[in-house]
Every structure is written in structure tokens, then in C-alpha cells.
Peer 1: 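Here it is, the structure in full.
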Amino acid sequence: MSTIKAPSTTGYRRETRLVHAGTLRSQYGETSDAIFLTQGFVYASAEECEARFTGDDPGFQYSRFSNPTVSAFEQRMVEFEGAEAARATATGMAAVTAAMLAPLRAGDHVVASKAMFGSCRYIVEDLLPRYGIESTLVDGLDLDQWQKAMRPNTKTCFLESPTNPTLDVLDISAIAEIAHAGGARLVVDNVFATPLWQSPLELGADVVVYSATKHIDGQGRCLGGVVLSSQAFIEEHIQVFLRQTGPSLSPFNAWVLLKGLETLAIRVRQQTDSAAKIADALAQHPKISRLIYPGRADHPQAATVKKQMHGGSTLVGFEVRGDKAGAFRFLNALKLVKISNNLGDARSLVTHPATTTHQRLKPEVRAELGISEGFIRYSAGLEHPDDLIEDLHAALAQA
Ligand SMILES: Cc1ncc(COP(=O)(O)O)c(C=O)c1O
């Protein structure tokens, strides 16, 4: 792994690190980060080339292994998250796959919360068992279930919090304690919380993964992901896995994500304020039978939200009366808010999880997870909250 690093910004506050961490200026002294859009690197001599490959020379070799722009993004994430090391990936799913698969081998066992993004559930439930890695899915809110599921060969516990899409908030420090007592690591998918509002490593998690496609880009432009952990975990497991299997982040996308990080704090704060206003405006609406917002006093895990999150959420979950037909009438009547399966964008986006992100699950599994046919996931954008509330109210009138 390249060891060329920009000067540390860890003496500064987090917002400052989002703007400056990782910036390594070229000889031209450019203001913004440069893009090193190159597959590889050339060497002054065969000896220098050999030294790069032995690791005696810390320079770059090939952009599948590492790249200056990708390294800058990794360093900015490391200093913002407070991790020791990170590796960026082509997508969020590449980050989840690497964090789960790279350190495991046949005969190992995984315990995971059953409420998670459909593709993450596929990794745990379908992919890992094909290679002899057994998994147990538990109700992530029930600590007894975590405890009972642990086996002598349990190596990884995995959760996301708040969960996608029903916004349950799992007790990360309590689950980390159970994992560690059983000799396992805890991997947390922190996408819904964002790195601004929740720091899983401080709560005892060992590995944090992000889909950078969401709030880190924040403007719906490119896919990306990142795995953050200790230096040892990244070097021993993730670096080798990515280098040899190849889901590396493009330098161009790393540059877009670097730009996204510069504005992450102001965007996420504004989107969270907006989501909170929208949640309050919709909570008592007669066409809505259930509303979930981490940050409202009526959230089922309000005490855990207070304990482990520094802010609410940019997402609101609610159930429109009238099942799928009611939900579809509502979605089709929206003018400003766009129908999508993404989240964390500058534009407000709505998703119908039962027919999109969680469509792969059997109806009874969706029902068990609270993903009803009327359930909507709303991701607040940067529009004026009053325009959004008017659009949502007008569409609910037609639901
Ligand atoms: C919680 C969660 N994890 C991982 C991912 C995967 O991210 P990507 O689409 O960047 O592969 C998503 C995408 O929706 C997600 O919501």
C-alpha cells in the first residue's frame, strides 16, 4: 500500500478535516485536489521499479493497488472517521463484500441482524454459505438473540443502523461487547447514519463500511465505497483482497467523492433539519398509519438514538394507508420529490422498498421486517422544506 500521505489534519475539528484532509498538492500548487486519472506509473529505473514492488520505495505502481487521488479520498475518510486506515472500493457493495469475505474462510460463522439492505442480506444469507461460511440472522434489537447465536467459530457480527428501510436503531456498543466476548469482530454498515451523526469505531465496532454513493457523493453522480478499520485489518485482509480481486475505485470517482466530502457536513445538517420538519408535518396525517424518524421522541429506540447518535437522520419512514395501491397513488402524485431507489442526494427521493430494494425478499420475510406494501422511505434533499411538505401533502391527498 502506498505510504505517500498528506500532512495530518487530526489536530483540527471534524468539519475542517472534511475540507483539508488528504490534500497533497502537486508542483503546480493547485487549490482543488488534482485528479490522477492514470492506470499506472512509470519508473526512472528497473531498480526503482523493483523497489516499488518489494515495498522499499513507497511510491505508486498500478491504480488497481492504489492511486494518489484514491489515497487522498481514503485519507480524508480516515481522518474524518477517526480510523487508522481505509481502502476505497468501486461501490458500497464491494466494500461490504470485502469486509465480510476477505477475513473469513470455510468453517467460520457469521451473526447478522436480519433487517438490512437486500444486497447485504444476500451476501450473508446466500453468498457466504456457498463457500462454507455459515450465517445466523437475528432480530438485531434483541441482545439475547445475538448472544444465543454466537458460536465458538463466530468470527464476524454484522449490522446496519439505522436499518434500511425501517430505521430501527441497534445498540452498537452492546452488540460490540457480545461480539468481542465471543472472540468476533463487529462490522457496521454506517450508510444511513452518515459519518457525521454516528461513529461506530468509538462505540466499539472494529470495521465501518460505507456506500459513498449516498451522502458522501451527495449529488447522485457516482458509485463508490470505503472500508475503515485498524491498520492491521486493512493491511492483512482488505488491501490484499482488493489488490488481487480488483473492485478498486476509479480515480475520477475518488475526486468526485473528495469534492462531496467538502460539503458533507452542511448538506447532512440541512437534510436532517428538513427531514425532522417533514416527519413532524406528516406524523399525524390521517393517510399515514405509522411514521418512524430517529430523532423524534416517539421513535421505538429513542433512548439508543440519544446514546449513540449525534443527530437525527436524513431519512423518514412512513406507511401510507391503502397498501401498495395507496402507496403507488401517493408516489405517482408527487411533483417535486422524485421516485428513486437511491438516498442521500441533493434531490429529495422516495422509495417503495417492497417493490425495489427489498423486492427479492419473500413477502413473509418483508412482513416480519415491517416492510409493508404501504411503506415508503423518504430521503430529504436540499430543497426548501416548505416546498417539500407542500408536495408531500398534495400527494397524500390523492393517496
Ligand atoms: C445500507 C446500504 N449498504 C450498502 C449499499 C450498497 O451501496 P452501493 O449501491 O454503493 O453498492 C446500500 C445501497 O443502497 C445501502 O443502502
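Both counts, for ligands and for their atoms, begin at 1 and track the order of listing. For clarity, every value in this text was computed on a predicted model and none was experimentally measured.
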Peer 1: Mind running side-chain hydrogen bond (donor to acceptor under 3.5 Å, both in side chains) on Asp33 and Thr23 for me, showing each step along the way?
Peer 2: CA-CA 6 Å; Asp33 305 83; Thr23 301; 3.1 Å; yes

Peer 1: Any N/O of Gly92 closer than 3.5 Å to an N/O of ligand 1?
Peer 2: yes

Peer 1: Any salt bridge linking Lys155 with Asp108? Criterion: basic side-chain nitrogen under 4.0 Å from a carboxylate oxygen.
Peer 2: yes

Peer 1: Indicate yes or no: at least one non-hydrogen side-chain atom of Ser63 is less than 4.5 angstrom from one of Phe41.
Peer 2: yes

Peer 1: Any idea which part of Lys214 is under 4.0 Å from ligand 1, heavy-atom wise: side chain, backbone, both or neither?
Peer 2: side chain

Peer 1: Anything under 30° is parallel, anything over 60° is perpendicular, the rest tilted; go ahead and classify Phe53 against Phe65.
Peer 2: perpendicular

Peer 1: Nearest non-hydrogen atom to atom 10 (O) of ligand 1 belongs to which of Val191, Ile216, Thr213?
Peer 2: Thr213

Peer 1: Please evaluate residues Glu74 and Arg87 with respect to the criterion salt bridge (charged side-chain N to carboxylate O under 4.0 Å, His left out), reporting the C-alpha separation (whole Å), side-chain torsions for both, the decisive distance (0.1 Å), and the verdict.
Peer 2: CA-CA 6 Å; Glu74 290 165 348; Arg87 277 309 319 265; 2.8 Å; yes

Peer 1: For a 4.5 angstrom cut-off between non-hydrogen side-chain atoms, does Tyr43 reach Glu50?
Peer 2: no

Peer 1: I need the atoms of ligand 1 closer than 4.0 Å to a non-hydrogen atom of Asp189, numbered in the order shown.
Peer 2: 1 (C), 2 (C), 3 (N), 4 (C)

Peer 1: Report the part of Glu160 in contact with ligand 1, treating N, CA, C, O as backbone and CB onward as side chain, heavy atoms under 4.0 Å; options are side chain, backbone, both, neither.
Peer 2: side chain

Peer 1: Numbering the atoms of ligand 1 from 1, which are under 4.0 Å from a heavy atom of Asn164?
Peer 2: 16 (O)

Peer 1: Check each atom of ligand 1 against the heavy atoms of Phe192 and keep those under 4.0 Å away; list them by number with element.
Peer 2: 16 (O)

Peer 1: Could you find the nearest protein heavy atom to atom 11 (O) of ligand 1 and give me its residue, atom name and distance?
Peer 2: Met93 N, 2.8 Å

Peer 1: Do ligand 1 and Leu223 have nitrogen or oxygen atoms that lie under 3.5 Å from each other?
Peer 2: no

Peer 1: Heavy-atom contacts with Thr91 under 4.0 Å: which atoms of ligand 1 show up? List them by number with element.
Peer 2: 10 (O), 11 (O)

Peer 1: Can you hop from Leu264 to Leu228 via hydrophobic side chains spaced under 4.5 Å?
Peer 2: yes

